[in-house]
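Let me begin by presenting the structure, written as structure tokens, before commenting on it.
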Amino acid sequence: MAKTVLITGASRGIGRSTAISFASKGYQVALNYYADTDSAEKTAEIVRSFGVFAQTFRTDVSHADAVDQMVRDVTELFGRIDVLVCNAGIAQQRLFQDITEEEWNRMIGVHLSGTFHCCHAVLPQMIHRKEGRIVTVSSMWGITGGACEVHYSAAKAGIIGLTKALAKEVGPSGITVNCVAPGVIETDMCADYDDQTKQALREEAPLGRLGTPQDVADAICFLASEQAGFITGQVLSPNGGIVI
């Protein structure tokens, strides 16, 4: 029986590359997205080209009830969820003094609460089976903090804390929980960076380049694989050496 992965934020960027990577390994893929239906369906089309089953699910992960319903729908359609990838996210650059309460709550809601809701909904079936893989997606700014991204950094740091604590709690049930904390990756979320900023970031990285969505997808797939069976509660940061 083919395994199933549920990926949040799967319409494009890191989520799309991760979905394609899992499909290439024979996984059925449940694709969560929030707004861009066309991009999500394009991802599903690419995934199906590998001969695996895929379906899109439009859900705002910041709402617990909506996530619970999504997980019920995915489980009914696919039979089970073997791997959960919590990738949904938003980005915003703001001076700290300019961050509104609404912006703060939305950032925490999508990133940190969204990760909580998804783990909370999926874990019962993993605990029942005594197996499962959860991979959360943070950021190098969750490790170091990023100027003009205090709310983003706080949310991503919270994901790291959640990952480490949850790994301790569900490890006895045979479930691993790990985190991928990417550096600067060339996706739509970097659209606010001008060419000069991107070049400066390339020069700052010992490897001399920015990351690609595939760099992150490879890390996620590794942590979900059998080869990572003795790894849990860890943070893997594909960042080109900017953070060492």
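Just the heavy atoms: all of them, side chains too, but no hydrogens, waters or symmetry mates, feed the values below.
The salt bridge (Lys or Arg N to Asp or Glu O under 4.0 Å) pairs that include a residue from residues 20-30 number zero, where partners must be two or more places apart or lie in different chains. For residues 112-121, no residue pair satisfies the salt bridge (Lys or Arg N to Asp or Glu O under 4.0 Å) rule, not counting sequence neighbours. Under the side-chain hydrogen bond (donor to acceptor under 3.5 Å, both in side chains) criterion, the residue pairs touching residues 163-177 are Thr136-Thr163, with sequence neighbours excluded. The salt bridge (Lys or Arg N to Asp or Glu O under 4.0 Å) contacts involving residues 43-62 comprise Asp60-Arg106, where partners must be two or more places apart or lie in separate chains. Listed by first and then second residue, the salt bridge (Lys or Arg N to Asp or Glu O under 4.0 Å) pairs involving residues 209-236 are Arg209-Asp215 (not counting sequence neighbours).
Formation of a donor-acceptor pair under 3.5 Å by the Gln55 side chain with backbone atoms of Val29 is not found in this model. Looking only at distances, a side-chain donor or acceptor of Ser24 sits under 3.5 Å from a matching main-chain atom of Ser21. Counting only distance, with no hydrogens or angles, the side chain of Asp82 and the backbone of Gly132 share no donor-acceptor pair below 3.5 Å. Panel note: side chain Glu41, backbone Asp38; no donor-acceptor pair is recorded below 3.5 Å. The main-chain N or O of Lys156 is found under 3.5 Å from a side-chain atom of Ser138 such that the two form a donor-acceptor pair.
Clustering ILVMFWY residues whenever any of their side-chain heavy atoms sit less than 4.5 angstrom apart, transitively, puts Ile90 in a cluster other than the one holding Tyr34.
Under a 4.0 Å N-O distance rule, the pair Glu131/Arg80 qualifies as a salt bridge.
The side chain to side chain donor-acceptor pair (under 3.5 Å) search around Asn32 returns none, not counting sequence neighbours. Under the rule for a side chain to side chain donor-acceptor pair (under 3.5 Å), the partners of Thr43 that lie at least two apart in sequence or sit in another chain are Arg16. Listed by chain and residue number, Asp188 satisfy the side chain to side chain donor-acceptor pair (under 3.5 Å) test with Arg12 (two or more places apart in sequence, or in another chain). Phe53 is linked by a ring-ring contact (aromatic ring centres under 6.0 Å, His included) to Phe78, counting only residues two or more places apart in sequence or in another chain. Residues passing the side chain to side chain donor-acceptor pair (under 3.5 Å) test with Tyr33 are Thr37, sequence neighbours excluded. For His120, the ring-ring contact (aromatic ring centres under 6.0 Å, His included) partners two or more places apart in sequence, or in a different chain, are Phe116.
More than 12 non-hydrogen atoms from other residues, nucleotides or ligands lie less than 6.0 angstrom from CG of Asp98.
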Under 3.5 Å donor-acceptor pairs involving side-chain atoms of residues 236-244, not counting sequence neighbours:
from	atom 1	to	atom 2	distance (Å)
Ser237	OG	Ala181	O	2.6
Ser237	OG	Asn239	ND2	2.7
Asn239	OD1	Gly241	N	2.8
Asn239	OD1	Ile242	N	3.0
Asn239	OD1	Val243	N	3.2
Asn239	ND2	Ser237	O	3.1
Asn239	ND2	Val243	O	3.3

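Scanning both residues, Asn87 and Thr8, for their nearest heavy atoms gives N-OG1, 2.8 Å.
When each of Val135, Val137, Ile7 is paired with Thr18, the side-chain contact (heavy atoms from CB on, under 4.5 Å) condition holds for Ile7 and for no other.
Taking the six-membered ring where the residue is Trp, the centroids of Phe96 and His151 are separated by 6.0 Å or more.
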